[in-house]
S.K.: 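Sharing a structure with you now.
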Amino acid sequence: MRTATLGPEQRAESLAAMAERELDVLVVGGGVVGTGTALDAVTRGLDTGIVEARDWASGTSSRSSKLVHGGLRYLEMLDFALVREALKERGLLLERLAPHLVKPVPFLYPLQHQGWERLYAGSGVALYDAMSMARGHGRGLPAHRHLSRRHALRVAPALRKDALVGAIQYYDAQMDDARYVTTLVRTAVSYGAKAANRARVTGFLREGERVVGVRVQDVEGGGEYEIRAQQVVNATGVWTDDTQALVGERGQFHVRASKGIHLVVPRDRIHSTTGLILRTEKSVLFVIPWGRHWIVGTTDTGWDLDKAHPAASSADIDYLLNHVNSVLAVPLSRDDVQGVYAGLRPLLAGESDATSKLSREHTVAHPVPGLVVVAGGKYTTYRVMAKDAVDEAVHGLDMRVAECVTEDIPLLGAEGYRAMWNARARIAARTGLHVVRVEHLLNRYGSMAEEVLDLIAVDPGLAEPLSAADDYLRAEVVYAASHEGARHLDDVLTRRTRISIETFDRGTRSAREAADLMAPVLGWDKDQTEREVEHYEKRVEAERESQLQPDDQTADAARLGAPDIVPR
């Protein structure tokens with residue numbers, strides 16, 4: 001089984017190795033596009049490195065709607081090329097690249113008008129399915145179906161009877177976005193890439209007009225490195241303009257940030273066996289199944305405040321509650337909301353003032369020799385963006401380079417996943433875990449679940465669930481620090497697990513137990529462990545305060561009340 005470890009030692013070794021010799025390609029930015037670019041480059045045989053200023057997926061790529069979809073609403077915009085491309089990628093992810101991480105999810109679209117709406121919406125969904133099948137990647141999902149009102153209410157009893165005259169049900173796919181990115185970077189490392197998070201680019205190295213590398217600050221250890229590369233790829237998403245400013249060159253395009261917020265509510269608050277998709281005056285609203293929860297989102301509003309920690313205001317939360325309650329027989333209240341998260345979409349700036357009308361397509365540019373910039377796009381098509389970025393970088397390399405092969409490179413955990421899934425009852429009997437626990441591990445780690453089980457074999461106490469978040473085993477916290485690059489408590493509670501949005505306490509009751517489990521792996525003393533817990537509690541307090549504020553400005557000010565970096 002192919003694997004890779006992102007522990008503290010490997011991080012230190014990667015930073016030192018990147019500084020020792022010139023790389024072919026260095027990627028700046030550890031979101032889905034950056035990590036995808038690193039995987040693309042290294043699997044073409046290029047000497048590749050990647051650095052991320054904070055944690056893997058700590059920006060946009062951990063705060064999405066968690067959907068892998070073709071973009072049904074882009075059909076309405078007649079953007080057939082974008083939909084066709086995204087449907088192909090959805091199929092690849094479901095069937096070949098990451099079947100352990102990407103799963104089918106049903107959606108119900110309530111119809112509110114007799115006759116014409118069923119014809120109009122039905123034609124669009126039928127075209128959506130047909131385009132998927134035509135690409136040869138639609139076999140993993142059921143076809144759409146038309147439902148009467150009575151049938152729709154049996155599928156989704158939570159809906160008000162007067163909110164629909166019928167419905168259409170169709171399928172897309174979903175994943176845990178942050179877990180996907182962590183698996184991507186580990187896959188790149190397994191093929192030879194060097195990777196370091198908490199490594200901030202503070203400047204670019206120049207020789208005349210040419211960019212020849214970057215200066216990097218080790219945010220953890222405090223050291224500074226010069227990393228040289230023949231080609232540097234800027235894949236920093238909503239920070240693209242800021243990163244370009246470090247080069248001292250005006251970019252060929254600009255990126256605007258659009259804020260989207262999501263609410264997480266317990267599964268029993270909405271009685272339905274399917275997700276929902278609803279029209280709003282600006283866009284669409286999703287109610288997405290998420291384990292023992294629902295995710296309700298999203299908004300689409302411009303944001304020009306702090307990019308690291310976009311804040312959800314009280315007005316944002318009310319907007320979502322009002323819209324979803326317009327179709328629910330039993331409305332949701334603020335008390336039903338377990339978690340709230342806000343993320344920023346990197347949109348290519350255009351002439352439109354409305355961010356919902358800016359392009360979801362991506363652009364690649366070579367503004368100066370030695371520097372490639374990739375921006376825009378959507379999560380589902382990250383692999384295409386990565387391919388285009390590396391194709392552009394290859395033009396600046398004085399060597400023959402192979403074509404992209406990532407269409408045939410499964411992510412770590414995919415190989416052997418289906419066989420382990422079929423044997424899950426035997427695995428449960430062998431390990432003493434309940435079969436539901438084994439299924440949970442397989443759907444988070446795929447065949448790499450064996451590595452988590454190995455930890456339990458050494459220390460049986462790790463088979464116990466966290467006392468205040470029993471969806472997750474204690475072993476998963478240790479594994480996050482030892483194998484998945486988690487450096488801080490926030491990394492584990494917010495991204496390696498989803499405890500921060502899946503519990504009413506936002507993870508504060510799990511903080512000390514998780515920190516105690518991480519401490520031996522990361523070499524924390526008692527003082528550092530205490531600082532980790534205190535920092536996390538302050539972060540949660542600041543987020544709660546921001547969500548009581550009436551608008552973006554006051555919410556942002558409240559969120560900035562917590563420090564960004566754990567003090568040492």
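For clarity, every value in this text was computed on a predicted model and none was experimentally measured.
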S.K.: Could you state the interatomic distance from CG (L39) to OG1 (T406), rounded to the nearest 0.5 Å?
M.R.: 6.5 Å

S.K.: Could you name each residue pair satisfying side-chain hydrogen bond (donor to acceptor under 3.5 Å, both in side chains) that touches residues 6-17, not counting sequence neighbours?
M.R.: R11-D218

S.K.: Do the side-chain N and O atoms of E543 and Q547 include a donor-acceptor pair separated by under 3.5 angstrom?
M.R.: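 Judged by distance alone, the side chains do not pair up.
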
S.K.: Per the side chain to side chain contact (heavy atoms under 4.5 Å, CB included) rule, which among I456, V492, V521 passes with V478?
M.R.: V521

S.K.: For R424, does the CZ atom have more than 12 heavy-atom neighbours from other residues, nucleotides or ligands under 6.0 Å away?
M.R.: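 Above 12, so yes.
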
S.K.: Given side chain to side chain contact (heavy atoms under 4.5 Å, CB included), test K66 with I295 step by step and report yes or no.
M.R.: CA-CA 9 Å; K66 327 269 185 249; I295 293 176; 3.8 Å; yes

S.K.: Does the structure place the NZ or CZ of R512 under 6.0 Å from the centre of the six-membered ring of Y536, at an angle of no more than 45° from the ring's axis?
M.R.: no

S.K.: Who are the side chain to side chain donor-acceptor pair (under 3.5 Å) partners of T236, not counting sequence neighbours?
M.R.: N234, T243

S.K.: Does the Q549 side chain pair with the main chain of S313, one donor and one acceptor, at a distance under 3.5 Å?
M.R.: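 No: the side chain of Q549 does not pair with the backbone of S313.
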
S.K.: If you measure from the Lys or Arg side-chain nitrogens to the Asp or Glu carboxylate oxygens, is any gap between E451 and R186 under 4.0 Å?
M.R.: yes

S.K.: Checking L328 now: which residues fulfil side-chain contact (heavy atoms from CB on, under 4.5 Å) with it, not counting sequence neighbours?
M.R.: A158, I270, V324, N325, L332

S.K.: Taking the basic N atoms (NZ, or NE/NH1/NH2) and the acidic carboxylate oxygens, is any pair closer than 4.0 Å for E220 and R487?
M.R.: yes

S.K.: Going by heavy atoms in the side chains, are L442 and Y417 under 4.5 Å from each other?
M.R.: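 Yes, side chains in contact.
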
S.K.: Do V216 and E224 have side chains that approach each other closer than 4.5 Å (heavy atoms only, starting at C-beta)?
M.R.: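 Answer no - side chains too far apart.
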
S.K.: Does any non-hydrogen side-chain atom of L97 lie less than 4.5 Å from one of R383?
M.R.: yes

S.K.: Can a donor-acceptor pair be found, under 3.5 Å and without considering hydrogens, that links the side chain of E476 to the backbone of L473?
M.R.: yes

S.K.: Could you go through T494 and R539, starting from their C-alpha distance and side-chain angles, then the distance that decides it, and tell me whether this counts as side-chain hydrogen bond (donor to acceptor under 3.5 Å, both in side chains)?
M.R.: CA-CA 11 Å; T494 305; R539 196 216 80 172; 2.7 Å; yes

S.K.: Would you kindly check if the NZ (Lys) or CZ (Arg) of K194 is within the cone defined by 45 degrees around the ring axis of Y225 and under 6.0 Å from the six-membered ring centre?
M.R.: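 Cation-pi check for K194 and Y225: fails.
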
S.K.: Would you say D516 and E513 make side-chain contact, with heavy atoms under 4.5 Å?
M.R.: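 Result no, sub-4.5 Å side-chain heavy-atom pair not found.
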
S.K.: What verdict does the side chain to side chain contact (heavy atoms under 4.5 Å, CB included) test give for N197 and L6, after you've listed the backbone C-alpha separation in whole Å, the side-chain angles of each residue and the deciding distance to 0.1 Å?
M.R.: CA-CA 10 Å; N197 55 351; L6 298 182; over 6 Å; no

S.K.: CE of M518 to OG of S482: how many Å apart, nearest 0.5 Å?
M.R.: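 Here the interatomic distance stands at 10.0 Å.
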
S.K.: Please enumerate all residues that pass side chain to side chain donor-acceptor pair (under 3.5 Å) together with D459, with sequence neighbours excluded.
M.R.: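 Not a single residue meets the side chain to side chain donor-acceptor pair (under 3.5 Å) criterion with D459.
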
S.K.: Please check: side-chain N/O of T380 versus main-chain N/O of H69, any donor-acceptor pairing under 3.5 Å?
M.R.: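 Checking the backbone N and O of H69 against the side chain of T380, a donor-acceptor pair under 3.5 Å is found.
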
S.K.: In the structure I gave you, are the side-chain heavy atoms of W294 and R267 within less than 4.5 Å of one another anywhere?
M.R.: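 Yes, their side chains come closer than 4.5 Å.
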
S.K.: Write out all pairs satisfying ring pair (Phe, Tyr, Trp, His ring centres under 6.0 Å) with one or both partners inside residues 440-470, taking only residues at least two apart or from two chains.
M.R.: H440-Y472, Y445-Y479

S.K.: When rounded to the nearest 0.5 angstrom, what distance separates CG in L15 from CE in M18?
M.R.: 5.0 Å

S.K.: With a 3.5 Å distance limit and no angle check, can you tell me whether S333 reaches the backbone of D335 through a side-chain donor-acceptor pair?
M.R.: yes

S.K.: Applying side chain to side chain donor-acceptor pair (under 3.5 Å), name anything that partners D318, two or more places apart in sequence or on another chain.
M.R.: R334

S.K.: Measuring from I50:CD1 to T37:OG1, what's the distance to the nearest 0.5 Å?
M.R.: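 So the gap between those two atoms works out to 7.5 Å.
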
S.K.: Any donor and acceptor pair, going by atom type alone, linking the side chain of R426 with main-chain N or O of M420 inside 3.5 Å?
M.R.: no

S.K.: Kindly indicate, with the supporting measurements, whether the criterion side chain to side chain contact (heavy atoms under 4.5 Å, CB included) is fulfilled by W303 and V238.
M.R.: CA-CA 10 Å; W303 180 265; V238 293; over 6 Å; no

S.K.: Just to verify, what does A515 make a side-chain contact (heavy atoms from CB on, under 4.5 Å) with, not counting sequence neighbours?
M.R.: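 side-chain contact (heavy atoms from CB on, under 4.5 Å) list for A515, sorted by chain: L489, W524, T529, V533.
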
S.K.: Check side-chain contact (heavy atoms from CB on, under 4.5 Å) between R292 and all other residues, then give those that pass, not counting sequence neighbours.
M.R.: D470, D471

S.K.: How would you list, by chain and number, every residue that makes a side chain to side chain donor-acceptor pair (under 3.5 Å) with R495, sequence neighbours excluded?
M.R.: D55, D490, D491

S.K.: Quick check against the 3.5 Å criterion: does S500 have a side-chain atom that pairs as donor or acceptor with the backbone of R506?
M.R.: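 No, S500 side chain to R506 backbone: no donor-acceptor pair under 3.5 Å.
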
S.K.: Under a 4.0 Å N-O cut-off, is there an ion pair linking R430 with E450?
M.R.: yes

S.K.: Verify, without hydrogens or angle tests, whether S546 (side chain) and D556 (backbone) share a donor-acceptor contact under 3.5 angstrom.
M.R.: no

S.K.: Yes or no on salt bridge (charged side-chain N to carboxylate O under 4.0 Å, His left out) for K526 and E530, after CA distance, side-chain angles and deciding distance?
M.R.: CA-CA 6 Å; K526 287 186 178 180; E530 191 64 34; over 6 Å; no

S.K.: Under the salt bridge (Lys or Arg N to Asp or Glu O under 4.0 Å) rule, collect the residues that match up with R544, sequence neighbours excluded.
M.R.: none

S.K.: Got a donor-acceptor contact below 3.5 angstrom from the S447 side chain to the E415 backbone?
M.R.: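 Confirmed, S447 side chain pairs with E415 backbone.
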
S.K.: Measure from the side-chain N and O atoms of R63 to the backbone N and O of G260, and report whether any donor-acceptor pair falls under 3.5 Å.
M.R.: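 Not a single qualifying donor-acceptor pair exists.
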
S.K.: Charged N to carboxylate O under 4.0 angstrom, E52 versus R198?
M.R.: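 No, E52 and R198 are not salt-bridged.
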
S.K.: Please lay out, stage by stage, how L441 and I427 fare under the test side chain to side chain contact (heavy atoms under 4.5 Å, CB included).
M.R.: CA-CA 11 Å; L441 294 176; I427 295 171; over 6 Å; no

S.K.: Checking Y382 now: which residues fulfil ring pair (Phe, Tyr, Trp, His ring centres under 6.0 Å) with it, not counting sequence neighbours?
M.R.: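 Only Y180 meet the ring pair (Phe, Tyr, Trp, His ring centres under 6.0 Å) criterion with Y382.
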
S.K.: Taking atom CD1 of I288 and atom CG of L67, what is their separation to the nearest 0.5 Å?
M.R.: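 Answer for the CD1-CG pair, I288 versus L67, is 4.0 Å.
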
S.K.: CG of D316 to CD1 of I261: how many Å apart, nearest 0.5 Å?
M.R.: 4.5 Å

S.K.: I'd like to check P106 versus Q169 (side-chain heavy atoms, cut-off strictly below 4.5 Å). Are they in contact?
M.R.: yes

S.K.: Checking S64 against D177: is there a side-chain donor and acceptor pair closer than 3.5 Å?
M.R.: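 Yes - a donor-acceptor pair under 3.5 Å links their side chains.
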
S.K.: Given side chains that start at C-beta, do those of Y379 and T60 come closer than 4.5 Å, heavy atoms only?
M.R.: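 A side-chain contact is absent here, since even the closest heavy-atom pair is not under 4.5 Å.
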
S.K.: Between the side chains of E502 and W290, is a donor N or O closer than 3.5 angstrom to an acceptor N or O?
M.R.: yes

S.K.: Could you work out, with side-chain contact (heavy atoms from CB on, under 4.5 Å) as the rule, every residue matching R418, not counting sequence neighbours?
M.R.: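 side-chain contact (heavy atoms from CB on, under 4.5 Å) check on R418 returns P99.
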
S.K.: For the residue pair R498 and H293, establish whether any side-chain heavy-atom pair is separated by less than 4.5 Å.
M.R.: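 Result no, sub-4.5 Å side-chain heavy-atom pair not found.
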
S.K.: Quick one: does T298's side chain have a donor or acceptor within less than 3.5 Å of a partner on H262's backbone?
M.R.: no

